[in-house]
There are 2 protein chains.
Amino acid sequence: VRISELSQRTGVPVATVKYYLREGLLPSGERTGVNQARYGEEHVTRLRLVRALVEVGGVPIAGVKGVLAAIEGPPRPLHDVLGPTQDAITPRPQHPAGPEWDAARAEVAGLVQSLDWQVRPDAPALDQLTGVLLAIRAVSGGDNPDATSCFGMQARLAEELAAVEVGSLAGADPAEAVRGLVVGTVLGGRAFEALRRLAHEDASARTFGGSPSKSPAPGAHRTSQSK
Amino acid sequence: VRISELSQRTGVPVATVKYYLREGLLPSGERTGVNQARYGEEHVTRLRLVRALVEVGGVPIAGVKGVLAAIEGPPRPLHDVLGPTQDAITPRPQHPAGPEWDAARAEVAGLVQSLDWQVRPDAPALDQLTGVLLAIRAVSGGDNPDATSCFGMQARLAEELAAVEVGSLAGADPAEAVRGLVVGTVLGGRAFEALRRLAHEDASARTFGGSPSKSPAPGAHRTSQSK
């Protein structure tokens, strides 16, 4: 198909398709004239993936390159693909060096160890979590909460979620599993962010709300089939 | 204190402090000369909060204004503060209008209804989740997963998390509770993002790993005190 049809089928504007081609996120088409090229199904598939990563996942262009390299590299054990993918999509916080950072970083490492989690000691998410711990302390006005009291409960839930998500990939076709892992990591993260906001709003309505038009009668809630 | 000391105590560069002053994220100090002003403890507290929201929470400047307005507005029921806060920090995806979007949006609304969640029908997180659903479909190559199969399990965990987080604020001093809710919503979201990545890495190591230097002997894991 021509670039205009590629754009139409994926909903990505032609100018953006050209940008992705220049950046190497999309392989060149088969040249059919001075200013024309033909694209195939693999371009449609790739473009949909790039679009999902950029527009919905919020992954920067450089990160997308890393994700694509992880997906399309030579066949490797699934676990070896996950690390580079995580690194590509995890923001690396600029942080001040110093004893305060080092102590918080060690505390985060201690939490991960107490959970018996197997993660690379230089996983960027450890820095990300350290930044959050320091930020919570900076705004909490003096009572210095420790990493376990800040994150312990969330860690247990994250573990439960990850076990199911990763477990569902075992036994899948390897190429499909890599895609599933990457897509799950990026898009699943966005999905949880949105769900968490909705759940917060619901919990707040139940706990602090009270406008009768929004709250069901006492005792009437928590009875849906989903419980 | 002077602006230089304000910068020192909070770790925010003077140029950034001036930028926040211009943007109205930080109230003016007490003028003491043509080019000098004096700042108090409330400036230190505010600056730490703004910094945490911007640098760690990734909230855009316009969003920070919304969050501060929610925190510092006239006393209101907690639940009335949460909505504007969520709106200020939730990215609004640009989405194409059309029957495909409308159908996916209705499906997301149906999921939320089946969960018996009380959320505003125009909560921006509903659009966010719709965008993720369409992105998952676009990259999943034809088998059109529905909203419940994509998000059902995550929704249950989000609900569990939110109940504990919001519940911990009941009975707190109102002003503190508002701060806690806002900080929890923004920073807690970042924390969970990092924890989820770490948990993913751990689950992947257990399921797909196998390098003996990283994995404990079979049966040796899951025995730490945290389980």
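Residue numbers begin at 1 in each chain, while the letters A, B, ... track the order of the sequences.
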Original post:
Which atoms form the tightest heavy-atom contact between A:Asp202 and B:Val119, and what is the distance?
Top reply: N-CG1, 4.2 Å
Subject >> Distance, nearest 0.5 Å, that separates CD of B:Glu193 from CD of A:Gln154 >> reply: 11.5 Å
Original post:
Which pair of non-hydrogen atoms, one from A:Ala162 and one from B:His200, has the smallest distance, and what is that distance?
Top reply: CB-N, 3.7 Å
Subject >> B:Arg48 vs A:Arg137, side-chain contact (heavy atoms from CB on, under 4.5 Å): CA-CA, chis, key distance, verdict >> reply: CA-CA 10 Å; B:Arg48 286 192 172 133; A:Arg137 284 187 183 155; over 6 Å; no
Original post:
A:Arg196 and B:Glu165: salt bridge (charged side-chain N to carboxylate O under 4.0 Å, His left out), yes or no, with the steps?
Top reply: CA-CA 11 Å; A:Arg196 193 168 173 285; B:Glu165 291 180 326; 3.0 Å; yes
Original post:
Is any side-chain heavy atom of B:Glu160 closer than 4.5 Å to a side-chain heavy atom of A:Arg156?
Top reply: yes
**OP:** Apply side-chain contact (heavy atoms from CB on, under 4.5 Å) to A:Asp80 and B:Phe208, showing your working.
**Re:** CA-CA 9 Å; A:Asp80 295 347; B:Phe208 306 118; over 6 Å; no
Subject >> Partner chain A: residue of B:Ala52, B:Ala138, B:Cys150 with the largest heavy-atom pair count (under 4.5 Å) >> reply: B:Ala138
Subject >> Residue selection (most heavy-atom pairs with chain B, distance under 4.5 Å) from A:Leu111, A:Ile136, A:Val166, A:Thr207 >> reply: A:Val166
**OP:** To the nearest 0.5 angstrom, please state how far the CZ atom of B:Phe192 sits from the CG atom of A:Leu129.
**Re:** 11.5 Å
Subject >> Region of B:Thr45 that comes under 4.5 Å of a non-hydrogen atom in chain A >> reply: neither
Subject >> A:Glu201 and B:Gln118 side chains, donor-acceptor separation under 3.5 Å >> reply: no
Original post:
Got a second to check how far A:Arg51's CZ is from B:Leu134's CG, nearest 0.5 Å?
Top reply: 8.5 Å
Subject >> Nearest heavy-atom neighbours spanning A:Val139 and B:Leu49 >> reply: CG1-CA, 3.6 Å
**OP:** Enter the distance from B:Leu115:CG to A:Leu195:CG here, rounded to the nearest 0.5 Å.
**Re:** 8.5 Å
**OP:** Identify the heavy atoms of B:Ala158 and A:Ala199 that sit nearest to each other, and give their distance.
**Re:** O-CB, 3.5 Å
Original post:
So which part of B:Leu126 gets closer than 4.5 Å to some heavy atom of chain A, the side chain, the backbone, both or neither?
Top reply: both
Original post:
CG/A:Asp87 to CZ/B:Arg197 distance, rounded to the nearest 0.5 angstrom?
Top reply: 10.0 Å
**OP:** Nearest 0.5 Å please: distance from the NE2 atom of B:His79 over to the CZ atom of A:Arg206.
**Re:** 10.5 Å
Subject >> Interface moiety of A:Val112 toward chain B, non-hydrogen atoms closer than 4.5 Å >> reply: side chain
**OP:** Measure A:Val56 against the heavy atoms of chain B and call it side chain, backbone, both or neither at under 4.5 Å.
**Re:** side chain
